[in-house]
Number of protein chains: 2
Amino acid sequence: MSYSTKQQQAVLQCLEQCSEEPISAAALAEQLRHSGNPVGLATVYRQLEKLEQAGQIHKIRTEEGAFYQICPHRAAQGRECFLLRCERCGHVVHLDCGHLHALYEHLEAEHHFRIDPRRTILTGLCQACAGKEDPHGTQ
Amino acid sequence: MSYSTKQQQAVLQCLEQCSEEPISAAALAEQLRHSGNPVGLATVYRQLEKLEQAGQIHKIRTEEGAFYQICPHRAAQGRECFLLRCERCGHVVHLDCGHLHALYEHLEAEHHFRIDPRRTILTGLCQACAGKEDPHGTQ
DNA sequence: TATAATACGAAAATGATTTTCAATTTCAAA
DNA sequence: TTTGAAATTGAAAATCATTTTCGTATTATA
């Protein structure tokens with residue numbers, strides 16, 4: 001039903017190495033070419049899709065296109081992390097915090113809405129970027 | 001600096017009429033054509049961009065492209081709503097709830113992250129769709 | 001009016017993502 | 001091993017939402 005290929009392994013390995021920041025499909029293909037394991041862009045997209053379905057990576061859609069990042073909590077089955085993404089610098093924090101889980105339960109109990117942590121991205125400003133913020137909007 | 005045009009008014013009026021559900025740019029243009037106020041697609045996009053910048057509407061990026069919806073709380077300046085979007089049926093609830101504002105404050109105080117409610121969409125399943133959920137994933 | 005700034009829209013361009021399809025690879029069975 | 005059906009690959013083409021171009025039309029003001 002599904003073969004194991006070297007392209008598959010190469011993509012996953014590259015995502016593990018780039019785990020600090022989300023990466024675009026094109027940049028990932030570029031990295032792979034550099035590292036001597038070129039993988040066609042179509043295949044990169046196919047593997048990313050698979051990995052996302054399998055819950056191993058997060059797909060982060062932004063104004064600038066989609067980025068992918070391996071989920072640091074992918075091993076922990078019971079409890080999922082929520083994503084905080086800085087809209088200025090693009091940095092993403094994978095947060096496993098009681099308050100977020102409490103919110104999850106509140107929304108389910110009181111508003112009959114079950115958040116999917118994997119597809120929810122809290123967007124805003126990280127500390128560093130909030131500090132730099134330009135009050136005149138001239139960014 | 002900015003002229004008032006009938007296309008502008010037509011787009012806003014149409015968004016007000018379709019306020020129940022998010023609508024795509026193409027569907028909006030279609031609606032406008034139907035209602036006898038045809039507006040070019042490029043202009044529709046330009047107006048949507050303006051309205052979003054002005055904080056009058058929400059832009060909701062999804063796997064199926066972008067949707068736009070007028071913000072029912074746009075008049076209330078002090079407090080912004082958060083969006084809950086059902087990933088199954090696409091329905092969006094604009095929620096002004098104390099727990100969410102508490103979360104906002106918790107993230108700011110403890111995690112040094114300031115959420116931008118306008119760009120944050122909590123994605124998951126609404127009650128109706130959660131009921132229909134298919135445990136075998138054959139959706 | 002005149003005119004300068006702004007907005008319009010059809011058509012072309014863009015660009016990320018997906019699809020096509022012939023060639024290649026995988027893996028289990030012979 | 002070989003074999004062959006099923007799955008995967010990748011270059012190129014297709015898709016498709018969104019943006020840009022650019023000549024024309026509209027707006028507000030003098």
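Values in this document were obtained by computation on a predicted structure and should not be read as measured data. All chains are named by letter (A, B, ...) in the order of the sequence lines, taking the proteins before the strands, and each is independently numbered beginning at 1.
A:Thr120 places a side-chain N or O within 3.5 Å of a backbone atom of B:Thr123 that can act as its donor or acceptor partner.
The 5' end of DNA chain D is approached more closely, in terms of each residue's nearest nucleotide, by A:Gln7 than by the other of B:Arg61 and A:Gln7.
Using a 4.0 Å cut-off between a side-chain N of Lys or Arg and a carboxylate O of Asp or Glu, A:Glu52 and A:Lys59 do not qualify as a salt bridge. Salt-bridge annotation for A:Arg61 and B:Glu63: present, with a side-chain N of the basic residue lying under 4.0 Å from a carboxylate O of the acidic one. A salt bridge does not link B:Arg46 to B:Glu49: none of the charged side-chain nitrogens sits closer than 4.0 Å to a carboxylate oxygen.
Atoms CG (A:Leu32) and P (D:dT9) sit 12 Å apart, rounded to a whole Å. Atoms CG (A:Leu51) and P (D:dT8) sit 13 Å apart, rounded to a whole Å. In this structure, B:Asn37 atom CG and C:dC8 atom C1' are separated by 15 Å, rounded to whole Å. Computed from coordinates, the A:Gln9 CD to C:dT25 C1' distance equals 13 Å when rounded to whole Å. For the pair B:Glu64 CD and D:dA17 P, the interatomic distance rounds to 12 Å; values are reported in whole Å. Note: CG (B:Leu41) to P (D:dA17) measures 10 Å, nearest angstrom. As rounded to whole Å, 16 Å separates atom P of C:dC8 from atom OH of B:Tyr45. With rounding to whole Å, B:Ile60 atom CD1 is found 13 Å from D:dT18 atom P.
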Scoring nucleotides 22-30 of chain D by protein non-hydrogen atoms under 4.0 Å (B base, S sugar-phosphate only, - none) yields -----BS--

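Residues B:Leu107 and A:Phe82 share a single hydrophobic cluster, defined by chaining ILVMFWY side chains whose heavy atoms lie under 4.5 Å apart.
Looking at heavy-atom distances under 4.0 Å, B:Ala26 makes no contact with the nucleic acid at all.
Taking side-chain N and O atoms only, A:Gln47 has a distance below 4.0 Å to OP1 or OP2 of D:dT9.
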Working note: B:Phe67 + B:His58, criterion ring-ring contact (aromatic ring centres under 6.0 Å, His included); need CA distance, chi angles, decisive distance, verdict. CA-CA 8 Å; B:Phe67 291 83; B:His58 290 279; over 10 Å; no

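A side-chain donor from one of A:Ser4 and A:Gln9 sits under 3.5 Å from a side-chain acceptor of the other.
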